[in-house]
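See structure below.
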Amino acid sequence: MPLLTAKSRISHAQRDWFIRSAVDAPWAAVPIEAQLVDADPNISGELYDRAEALYDHFRTAAPRHVGVAKISKVLHLKRPGLFPILDSKVMAFYRLHARAAAARYPHRAKRAMFWAAIRDDVCANLDSGALLMLRHRLAQSESEQARRVASLTDVRLLDLLTWAVA
């Protein structure tokens, strides 16, 4: 099965829509260097809320066939340390964790909170040193491709690992 299906690709018309919509998006509220670990869903009015507002800017006006996966891909490119790519495979992997996360943050009134679930995973892997150890091993690899993977953000590295085990 190919990694990219026609359904997951962003068409030229969709690209143009993203470019037009980006003009008045609240980019300034979300720093380029923002990290998901710093977006605590328990703290109102801070990075998590600002990231949600940026996401919602695109979601609420999205044309047909522009859903979570495409919006998250674009936002990941613009804020790679903050926005995970929420494709169907990642969402299926995190579905139960996202529901549990939503239960922990009832003030958000969500049925599932994928960012919070992924944030929990990133934090746990940072705390345990697992991401640092993996990054070090990748950086020491003889493979140039593996060394390039070592420089990815924590969110993207975890995304790749999710794809590997899902």
Practice task
Sort and list the pairs that fulfil ring pair (Phe, Tyr, Trp, His ring centres under 6.0 Å) and have at least one residue in residues 86-110, not counting sequence neighbours.
Solution key: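 Listed by first then second residue: nothing to list.
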Problem - From NE2 (H136) to OG (S141), nearest 0.5 Å - result: 11.5 Å
Handout entry: From M113 atom CE to I118 atom CD1, the distance as rounded to the nearest 0.5 Å
Key =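 Going from CE on M113 over to CD1 on I118, the span is 11.5 Å.
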So do the side chains of [X] and [Y] get within less than 4.5 Å of each other, counting heavy atoms only?
| X | Y | answer |
| --- | --- | --- |
| F58 | K70 | no |
| D49 | S44 | yes |
| L160 | L152 | yes |
| V68 | M91 | yes |
| L82 | Q35 | no |
| F83 | K78 | no |

Handout entry: Heavy-atom neighbours of L126 CG exceed 12 at 6.0 Å
Key = yes
Problem - Within 6.0 angstrom of R147 CZ, more than 12 heavy atoms from elsewhere - result: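 Yes - once you tally the heavy atoms of other residues, nucleotides and ligands closer than 6.0 Å, there are more than 12.
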Exercise for the section: Applying side-chain contact (heavy atoms from CB on, under 4.5 Å), name anything that partners S88, two or more places apart in sequence or on another chain. Expected result: none
Handout entry: T153: side-chain contact (heavy atoms from CB on, under 4.5 Å) partners, not counting sequence neighbours
Key =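 With sequence neighbours excluded, T153 shows a side-chain contact (heavy atoms from CB on, under 4.5 Å) to H76, P80, V155, R156, given in chain and number order.
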